[in-house]
Amino acid sequence: MKNFADLTEREVLAVAISSEEEDSRIYMTFAEDLAKRYPDSAKVFEEMAEEERGHRHRLLELYEKRFGPHLPPIRREDVKGFLRRRPIWLTKNLPLDTIRKEVETMELEAERFYAKASEQAEDVGVRRLLGDLAEEEKGHERLAVKLTGEILKPDVRAEEDRTRRRMFVLQYVQPGLAGLMDGSVSTLAPLFAAAFATHQNWQTFLVGLAASIGAGISMGFAEALSDDGSMTGRGSPWLRGITCGLMTTLGGIGHTMPYLVPDSWPNAFWVATAIACIIVFFELWAIAFIRARYMDTPFLQAVFQIVLGGAIVLAVGIVIGAA
């Protein structure tokens with residue numbers, strides 16, 4: 001790899017041309033990715049792609065005047081310290097705000113490159129063009145704001161906000177809630193069965209810990225492998241899997257932790273069990289609230305389904321453990 005300071009003017013222009021071409025393709029990829037979810041915002045990135053194509057044409061014209069039609073095979077990946085771009089496959093199904101921040105970073109990095117390249121240029125024409133491009137890249141963020149203001153009217157913004165909320169629910173709330181429900185409810189039976197079978201806090205804690213972690217791993221893989229997100233738009237399967245797995249583990253760990261009460265304490269078992277029951281109560285009500293808040297389930301219906309179901313599973317564990 002070459003140091004940036006060692007590049008000739010010809011190589012600087014060649015790198016700039018290939019970079020503008022790649023950035024244009026990235027913006028068009030953003031636009032295509034957003035076309036169905038946020039069609040009006042997609043137009044913003046189409047405009048940005050057109051701007052980058054204009055830069056490339058100007059750079060090509062200057063390059064041909066000075067060095068002829070042949071471009072040396074040098075890209076930014078061949079230059080140390082040069083601005084990097086995330087692989088296209090890592091930019092799929094990103095939230096709209098994340099994409100906008102990615103664009104801001106791209107434009108800031110491009111501006112720094114042109115400013116530094118302009119300082120090194122010896123030819124007046126090259127210096128002028130690179131300096132102009134640095135100023136234009138600096139203004140691209142303002143262009144995006146201007147385009148956003150022109151294209152995204154209040155009613156369009158409201159619709160995109162609703163779409164963003166739906167995507168948030170699909171990608172994060174739904175897998176997280178599924179995990180929390182599974183972890184909070186499915187671990188009740190083994191935990192309380194172990195508790196009432198042994199009346200030993202430490203052994204009960206180990207059973208609860210194993211059940212929570214095992215359920216988290218199982219639910220995480222099940223969620224990640226169930227849907228790759230390409231058709232449903234639910235985002236990265238591994239992100240959903242991690243979210244689901246962590247929330248499953250958290251749901252089980254919550255009512256397992258009270259059994260860390262030392263067995264040497266007076267009435268240690270009943271103290272731990274009472275605390276665990278209180279935590280279970282709040283866990284089930286929290287799940288009911290989340291379902292009502294994000295899943296459009298009537299609150300009383302959510303309470304009936306979750307609290308009653310949890311109480312039944314809890315009772316089953318106690319009965320089996322006491323048998």
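FYI, side chains are in, hydrogens and waters are out, and symmetry mates aren't considered; it's all heavy atoms of this structure.
Looking at heavy atoms from C-beta onward, Tyr63 lies out of side-chain contact with Leu59 at the 4.5 angstrom threshold. Residues Leu191 and Phe205 form no side-chain contact, since every pair of their non-hydrogen atoms from C-beta on lies 4.5 Å or further apart.
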Take Phe282 and Trp285 through the test ring pair (Phe, Tyr, Trp, His ring centres under 6.0 Å) and record every step on the way to the result.
CA-CA 5 Å; Phe282 283 106; Trp285 276 90; 9.2 Å; no
Candidate pair Thr187 and Thr256, rule side chain to side chain contact (heavy atoms under 4.5 Å, CB included), full reasoning
CA-CA 9 Å; Thr187 58; Thr256 298; 5.7 Å; no
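Judged as a side chain to side chain contact (heavy atoms under 4.5 Å, CB included), and not counting sequence neighbours, the contacts of Trp270 are Phe196, His199. Here Ser18 pairs with nothing under the side-chain hydrogen bond (donor to acceptor under 3.5 Å, both in side chains) rule; sequence neighbours left out. With sequence neighbours excluded, the residues satisfying salt bridge (Lys or Arg N to Asp or Glu O under 4.0 Å) with Glu11 are Lys2. With sequence neighbours excluded, the residues satisfying salt bridge (Lys or Arg N to Asp or Glu O under 4.0 Å) with Asp123 are Arg66. By the salt bridge (Lys or Arg N to Asp or Glu O under 4.0 Å) test, Arg53 pairs with Glu50, sequence neighbours left out. Contacts of Ile279 classified as side chain to side chain contact (heavy atoms under 4.5 Å, CB included), with partners at least two apart in sequence or in another chain: His255, Pro258, Ile275, Glu283. A search for salt bridge (Lys or Arg N to Asp or Glu O under 4.0 Å) contacts involving Glu21 returns Arg25, Arg56, not counting sequence neighbours. Partners of Asn201 by side-chain hydrogen bond (donor to acceptor under 3.5 Å, both in side chains), not counting sequence neighbours: none found. Taking Leu246 as the reference, Ile242 meet the side chain to side chain contact (heavy atoms under 4.5 Å, CB included) condition, with sequence neighbours excluded. Shown here are the side chain to side chain contact (heavy atoms under 4.5 Å, CB included) partners of Ala117, two or more places apart in sequence or in another chain: Phe4, Val12, Phe113, Leu130.
Between Leu284 and Gly310 the shortest heavy-atom distance is CD1-CA, 4.0 Å. Closest approach of Ser24 to Ala49, counting heavy atoms only: OG-O, 3.3 Å. The shortest heavy-atom contact between Leu188 and Ser184 is CG-O, 3.1 Å. Considering all non-hydrogen atoms of both residues, Ile253 and Leu209 come closest at CD1-CD1, 3.5 Å. Here the closest heavy-atom approach between residue Cys244 and residue Thr248 is recorded as O-OG1, 2.7 Å. The nearest pair of heavy atoms linking Arg10 to Pro72 is NE-CD, 3.9 Å.
For the atom pair Met28 CE and Phe45 CZ, the distance stands at 12.0 Å (nearest 0.5 Å).
Residue Met257 qualifies as open at atom CE: its count of foreign heavy atoms under 6.0 Å is 12 or below.
Hydrophobic cluster membership for Val261: Trp265 (Ile, Leu, Val, Met, Phe, Trp, Tyr linked by side-chain heavy atoms under 4.5 Å, directly or transitively).
Judged by distance alone, the side chain of Ser186 and the main-chain N or O of Asp182 form a donor-acceptor pair under 3.5 Å. Listed for the Tyr27 side chain is no donor-acceptor partner under 3.5 Å among the backbone atoms of Val44.
Hydrophobic clustering of Ile, Leu, Val, Met, Phe, Trp and Tyr side chains at less than 4.5 Å, counting indirect connections, unites Tyr172 with Trp238. The cluster map of Ile, Leu, Val, Met, Phe, Trp and Tyr, joined by side-chain heavy atoms under 4.5 Å apart, puts Met219 and Ile287 in different clusters.
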Going by atom type alone, with no hydrogens or angles, which donor-acceptor pairs under 3.5 Å involve a side-chain atom of residues 311-323 and a protein atom two or more places apart or on another chain?
none

